[in-house]
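Letters go in sequence order (proteins before strands), and every chain restarts at 1.
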Protein chains: 2
Amino acid sequence: MSTAEPPRPSFAETLEVRDRCLCFATQRAARALSRRFDDAFRPLELTNGQYSLMMALNQPQPPSLGRVADFLAMDRSTLTAALKPLVRRGLVAVAEDPRDRRGRRPSLTDAGRALLAAALPIWRETHAAVDAELDAAGAGPAELRAALWSLA
Amino acid sequence: MSTAEPPRPSFAETLEVRDRCLCFATQRAARALSRRFDDAFRPLELTNGQYSLMMALNQPQPPSLGRVADFLAMDRSTLTAALKPLVRRGLVAVAEDPRDRRGRRPSLTDAGRALLAAALPIWRETHAAVDAELDAAGAGPAELRAALWSLA
DNA sequence: ACAATATGGTTTGATATCAACATAAACTTC
DNA sequence: GAAGTTTATGTTGATATCAAACCATATTGT
C-alpha cells in the first residue's frame, strides 16, 4: 500500500515524557539555576560554572585536571576549555606536575582567591533564597541534593 | 603595611559549597544525565536536547517560539540556534504565523515524527534504568522531579 | 493617523559542552 | 630494555547556551 501512515508519537506520549523525564527536568532546572546565579555573579564578571570550577581548585594541594573533571562530572576537554578564560584573566595558573611530566596542576592565583572570596557572600545570599523557595514548595533541599548527587 | 594577606576562601568554605550548592549539584547531574541519554540516542544521531525539543513540538497546534522557549526554560536565541540543525536535517519545519507576521511556528515533519517515534522506546528503556537506580538509592524519582520543576 | 512602546525573533560574540582523534609520558611485560 | 598498554592531556569540529544589540511587526495612547 502506498498510503501507509508514517509512524508518529501520540500527544499522550509527549505528555508522558514532559511529566516524567528526569533528564529534561534536570536540564531545565540547570538552565534556570544557571541564569539565576549568573545574574548574581555578574558584577564580578563570573559565571556559576566558573565559580564552581574555582571552588573546586581551592584545595590545599592542586588536583590533577582529570580529578577536577571527574569531580565536576565534566569531560576532560571541557575542563581544558573552561580553564582558558580564567587563566587569561590571571585568576588561575596551571603548573607542570614535577612528578609526572604529562600532568598539569591548576591552582588559584592571589587574584583568583580574592575574587572567589568576593563571590562567596553572593553565593550564600543567592543560595539561601533558592533553599527557602524550595522549602516553601515543600521540596526538601537536602533530599534534592542527595538525589542529584546520586545521579553522577 | 605592605605585607597584607590577600583575602582567600578557606578550605572549609569550599567544602560548604561542594556539599550544599544546588546549582552545582544540578549542573553536575545535568551533565551526567545528558551524556547518558546522548549515548542512548546516538544510533539515531539525536541528542537528549534535540529529543526534548522535538517532543515539545509534538503538539496538536504548533506553538510559538516564545512559548517553546519558556517551556524549556531556555533563552529564545538558544532555541533559534537549536532549531537550525533540526531544520537542516528536515526533521522540523518552521512556518510563518498567519495571524502575526512576526511570529514563526515550528512543527515536526513526517521524518521528524518518525525519528521521534523511533527514539521513544530508547527513552523509555533508558529512563526506566535511571528511575530504578534512583529508587535503589532511596532518592525518590517523583519527589526529585517535583523539586526540579519547582526551580523553574 | 502618528508617535511611543511592547512583543516576537534573529544575529553576534563569548563561553560551555561533548566525542573523536592525536600526542606524549608513564607503566608493564617479556 | 624494547614493545605494547595504559594514563593524562590537548586539539578539532559540532552543538548548546546566554546576553546584548538589533529589526520588524503589533499595540497603545493621544
Problem - Euclidean distance, atom CZ of residue B/F37 to atom C1' of D/dT15 [Å, nearest integer] - result: 19 Å
Practice task
Could you check how far CZ of B/R76 sits from P of D/dC22, rounded to whole Å?
Solution key: 17 Å
Handout entry: Candidate nucleotides C/dG9, C/dC18, C/dA19, ranked by approach to the side chain of B/D39 - the nearest
Key = C/dA19
Exercise for the section: Classify the side chain of B/R102 versus the base of C/dT7 as yes if they form a donor-acceptor pair under 3.5 Å and no if they do not. Expected result: yes
Problem - Integer-rounded Å distance: D/dA16 P and B/N48 CG - result: 9 Å
Practice task
Verify the contact: side-chain N or O of B/R28 to OP1 or OP2 of C/dT17, cut-off strictly under 4.0 Å; return yes or no.
Solution key: no
Exercise for the section: Show your reasoning for whether salt bridge (charged side-chain N to carboxylate O under 4.0 Å, His left out) applies to B/R124 and A/E16. Expected result: CA-CA 10 Å; B/R124 277 198 225 276; A/E16 175 193 353; 2.6 Å; yes
Exercise for the section: Assign A/G66 to base, sugar-phosphate, or nothing according to its heavy-atom contacts below 4.0 angstrom with the strands shown. Expected result: sugar-phosphate
Exercise for the section: Find the distance A/R89:CZ to C/dA14:P and express it as a whole number of Å. Expected result: 14 Å
Exercise for the section: Taking only the side-chain nitrogens and oxygens of B/K84, find out if one of them lies under 4.0 Å from OP1 or OP2 of C/dT11. Expected result: yes
Exercise for the section: Indicate whether OP1 or OP2 belonging to C/dC18 is found under 4.0 Å from a side-chain N or O atom of B/T47. Expected result: no
Handout entry: B/S77 side-chain N/O to D/dC18 phosphate OP1/OP2 under 4.0 Å
Key = no
Problem - Between B/N48 and B/S34, a side-chain donor and acceptor under 3.5 Å - result: yes
Handout entry: Most 5' of A/G103 and B/A73 on DNA chain D, judged by nearest nucleotide
Key = A/G103
Problem - Output field: ring centroids A/Y51/A/F37 closer than 6.0 Å - result: no
Problem - Between D/dA20 (P) and B/D75 (CG): distance, integer Å - result: 10 Å
Completion exercise
When rounded to whole Å, the CG to P distance for the pair B/D100 and D/dC23 reads 19 Å
Practice task
If the plane angle is over 60° it's perpendicular, under 30° parallel, otherwise tilted; pick one for A/W149 and B/F24.
Solution key: perpendicular
Handout entry: Cationic N near anionic O, under 4.0 Å, B/D70 to B/R76
Key = no
Exercise for the section: Would you indicate which nucleotide in D/dA16, C/dA16, C/dT17 comes nearest to any side-chain atom of A/A81? Expected result: C/dT17
Problem - Distance below 4.0 Å between B/R31 side-chain N/O and C/dT17 OP1 or OP2 - result: yes
Problem - Test: B/D75 and A/R31 ion pair at under 4.0 Å - result: no
Handout entry: Under-4.0 Å side-chain N/O to phosphate OP1/OP2 contact, B/R35 with C/dC18
Key = yes
Exercise for the section: Check every strand shown and say whether A/R88 touches a base, only sugar-phosphate, or nothing at a heavy-atom separation below 4.0 Å. Expected result: sugar-phosphate
Handout entry: Rounded distance in Å - CE (A/M74) to P (D/dA16)
Key = 18 Å
Handout entry: A/S64 vs D/dA8: side-chain N/O to OP1/OP2 distance below 4.0 Å
Key = no
Practice task
Return the value, rounded to whole Å, for the distance between atom CG of A/L65 and atom P of C/dA24.
Solution key: 18 Å
Handout entry: hbond_proxy B/R101 side chain to D/dT25 base (donor-acceptor, 3.5 Å cutoff)
Key = no
Handout entry: Under 4.0 angstrom between B/R99 side-chain N/O and C/dT7 OP1 or OP2
Key = no
